Amino acid sequence: MGSTVVVTCGATVPFPELIAALLDKQVLDTLLRMHYTRLIVQYGRGYTSKFAQLLGCVRAHVEEPADNGASNLAAGVEVQVRGHYQSLEVCGFEFTGAIHELLRDNADLVISHAGTGSIVDALRLGKRLLVVANTSLMDNHQLQIARKFESRGHLQSAAAQPKALIAALRRVEAAPQVPLPNGYNSSFERLLMDVAQS
Amino acid sequence: MGYTLCLFALVFLQALVVRTLWVIPIFGIREGAELSEKRGLQAGRALRLFVFLGSGGHTGEMLRLLDNYRTALLRPGTQLYVGFSDEASLRKFQTTVGANLSGVEVQFLRFSKAREVGASWLASTRSVAFSFVQSLWCLTWLKWQFVGQQHLVLLNGPGTCCIIASWLKMLEIVTLTRSKIVYVESLARTDTLSLSGKLLYPLVDEFVVQWDELYERYDRARCYGILV
């Protein structure tokens, strides 16, 4: 069984720049060199045809999705676009409510937008993480968040460009990742109880 | 007669000012909650807890917080009041934390949204006024539930929290009780406070941030690292 990369753009806002950078020939070649065999992508609502088109651009073999359950991933996620780029299987779908299970059961590496929810989710599951800040969003601080976590060694961050992604993938491979401690802190718990009992 | 009335009003006004200064934490008159062992866990007494779910990221963080501190906050016997203003947040609560509760009674409080996107000026004014009155009514009822009970209010960044915290403080001033509001700033705020955070910083009983940089900048802030 080979390794799997799971890519997620976030549930609420589309991030086409990340998908475009990801489905670049050199990026896919890099993933192949790193011995990944499967690429699972949550590309966001309304981007199915765009995703299939980008796959076609890199001369990947795109299959018609099967009607039976055969095209579904382990976590009950229905694949909408499936293709092969050499030995790399590419599975794409718009959105799933079971992203947590998908990451937990399938991901060896997670590539995600830099939302705090996605970051904390992936790190608490102990996954290797590469984030790409969605800088087109107003006032959501993804760049600062990405830098903050990166400076603590929890993840690698990159801009939404093929070259930056490749460099960050190499850093992921080279450097060990600092695990994120769980959110429980006994002093904070005591503060809550002290206030409640004050 | 007029003179006595005047004197009376003056004394009352003075008492109100003193009470306000006493209650608003930024003036630093009343001692904050001490992190001491002396109180310990009063295991026998049930907690009444109010949380507000805003939308998207704020809801996600609040649900994680509840989950991480469930042994303290969601003990059997706890009465949980969940304030919400959008259906997606309510569903998310029900499929995550809400699906995994034992011995905790949950009551939902709907706060109407201040304004729908694209509403006309007149409709907006009306809906803002309506939502304001409705929120105040809801909170006054909540305050009544808290009287004489061990309770806690847990808030993070959504805009409605400003109304919630202000009104609870207002009620604290006039009813001589404690508001017990703990505010946890969003993890997304790394080096500046959110607008809600800035507004509530002087007001809430405990102000918690999740990054050291904010902790160093704000005297009242407490920091325990990433809590969500």
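Every chain is numbered from 1 and lettered A, B, ... according to where its sequence line falls, protein lines coming before strand lines. Everything quoted here is computed from the prediction, not taken from an experiment.
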Practice item. Could you look at Gln210(B) and say if it's the side chain, the backbone, both or neither that has a heavy atom under 4.5 Å from chain A? Key: neither
Point to revise | Toward chain A, the part of Leu49(B) with a non-hydrogen atom under 4.5 Å | key: neither
Study note, to complete from the structure: Under 4.5 Å to a heavy atom of chain A? For Leu47(B) that would be side chain
Check your understanding: Counting distance only, does the side-chain N/O of Arg178(B) pair as donor-acceptor with the main-chain N or O of Gln197(A) below 3.5 Å?
Key -> no
Exercise for review: Can you tell which part of Glu61(B) gets under 4.5 Å to a heavy atom of chain A, answering side chain, backbone, both or neither?
Suggested key: side chain
Review point. What are the two closest non-hydrogen atoms of Leu152(B) and Val195(A), and how far apart are they?
Key: CD1-CG1, 3.7 Å
Review point. Are more than 12 heavy atoms from other residues, nucleotides or ligands located less than 6.0 Å from atom OH of Tyr215(B)?
Key: no
Revision key, fill the gap. The interface call for Arg147(A) against chain B, heavy-atom contacts under 4.5 Å, is neither
Practice item. Below 4.5 Å from any heavy atom of chain A, which atoms of Arg48(B) appear? Answer side chain, backbone, both or neither. Key: neither
Review point. Should the ring pair Tyr224(B) and Phe188(A) be called parallel, tilted or perpendicular, given that the plane angle runs from 0 to 90° and is split at 30 and 60?
Key: tilted
Check your understanding: Checking heavy atoms, do the side chain of Val153(B), its backbone, both or neither come under 4.5 Å from chain A?
Key -> neither
**Study point:** Per-residue contact mode, Leu180(A) against chain B (heavy atom under 4.5 angstrom)
**Key:** side chain
